[in-house]
Amino acid sequence: MGRDTIADTITSIRNAHMAKKGTVRIEYNNSTENIIQILLEEGFIENVRKHWEGKKKILVLTLRHRRNRKGTDTERSNLNLNLKRISRPGLRIYSNYQKMPRILGGMGIVILSTSRGIMTDRQARLEKIGGEILCYIW
């Protein structure tokens, strides 16, 4: 049974954000690098660094936290970064560009794996291609 590296990456980022950690260390591979690059472009993370530890390549992410010192705990919990894995190894979910879901009316993003690489739902709609829905971010 293989590992689901995309789910591991998403879970690591979500857990670090909920614990208000400043950085996250993730093992490198091409798909996680592409997803992290999208998160960087969309403004969900601040910085990405690559470095070697022994024979393994590691990505170090600097998270961006939304600070709201005024307000209740319920308001603060609504400011969390939400990541949800959709397609998984046991159940693949595909969508064409016309029926692609919109997260929070277009405020969130859908990350897809298409024939032209990993991209957001906006890019896939512009290029009129569908693919496997990897995750939702809002």
Q) Under the side-chain hydrogen bond (donor to acceptor under 3.5 Å, both in side chains) criterion, do N96 and Y94 qualify, and how do the steps go? A) CA-CA 7 Å; N96 62 12; Y94 296 94; over 6 Å; no
If you take all heavy atoms of [X] and [Y], which pair is closest and at what distance?
| X | Y | result |
| --- | --- | --- |
| L104 | G108 | CB-N, 4.3 Å |
| I133 | P101 | CD1-CD, 3.9 Å |
| W138 | I103 | CB-CG2, 3.8 Å |
| A124 | L112 | CB-CD1, 3.5 Å |
| G130 | T114 | O-CG2, 3.6 Å |

Q. Do R14 side-chain atoms and N82 backbone N/O form a donor-acceptor pair below 3.5 Å?
A.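 No; judged by distance alone, with no hydrogens or angles, the pair does not exist.
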Does any non-hydrogen side-chain atom of [Y] lie less than 4.5 Å from one of [X]?
| X | Y | answer |
| --- | --- | --- |
| I137 | I111 | yes |
| I6 | D8 | no |
| L134 | I118 | yes |
| R49 | L61 | no |

How long is the straight-line distance from [atom2] of [Y] back to [atom1] of [X], given to the nearest 0.5 Å?
| X | Y | atom1 | atom2 | answer |
| --- | --- | --- | --- | --- |
| F44 | H17 | CZ | NE2 | 10.0 Å |
| Q37 | L40 | CD | CG | 5.5 Å |
| N34 | I38 | CG | CD1 | 7.0 Å |
| I10 | I86 | CD1 | CD1 | 8.5 Å |
| I35 | C135 | CD1 | SG | 5.5 Å |

Q: For the pair I45 and T62, evaluate side chain to side chain contact (heavy atoms under 4.5 Å, CB included) and give the outcome as yes or no after the intermediate values.
A: CA-CA 6 Å; I45 59 176; T62 305; over 6 Å; no
[X]: side chain to side chain contact (heavy atoms under 4.5 Å, CB included) partners, not counting sequence neighbours:
| X | result |
| --- | --- |
| K50 | E33, K57, L59 |
| Q123 | M119, T120 |
| E27 | K56 |

Q: I would like to know whether L39 and I13 meet side chain to side chain contact (heavy atoms under 4.5 Å, CB included); could you show each step before the answer?
A: CA-CA 11 Å; L39 291 174; I13 294 170; 3.8 Å; yes
Q: Please report the C-alpha distance between W52 and I58 in whole Å, then the side-chain angles of each, then the deciding distance to 0.1 Å, and finally whether the side chain to side chain contact (heavy atoms under 4.5 Å, CB included) criterion is met.
A: CA-CA 6 Å; W52 291 91; I58 302 292; over 6 Å; no
Q: Check whether I93 and Y136 end up in the same hydrophobic cluster, where Ile, Leu, Val, Met, Phe, Trp and Tyr are linked by side-chain heavy atoms less than 4.5 Å apart.
A: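 Same cluster: I93 reaches Y136 through Ile, Leu, Val, Met, Phe, Trp or Tyr contacts under 4.5 Å.
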Q) Any salt bridge (charged side-chain N to carboxylate O under 4.0 Å, His left out) pairs touching residues 124-138, not counting sequence neighbours? A)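 Only R92-E132, R116-E127, D121-R125 qualify under salt bridge (charged side-chain N to carboxylate O under 4.0 Å, His left out).
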**Q.** Residues in side chain to side chain donor-acceptor pair (under 3.5 Å) contact with E53, at least two apart in sequence or another chain
**A.**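 Expected list: R25, H51.
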(Q) N29: which residues meet the side chain to side chain donor-acceptor pair (under 3.5 Å) condition with it, sequence neighbours left out? (A)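 In terms of side chain to side chain donor-acceptor pair (under 3.5 Å), with neighbours along the sequence ignored, N29 is linked to T5, S31, T32.
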Q) Can I109 and R122 be said to form a side chain to side chain contact (heavy atoms under 4.5 Å, CB included), step by step? A) CA-CA 8 Å; I109 61 172; R122 285 181 231 126; 3.0 Å; yes
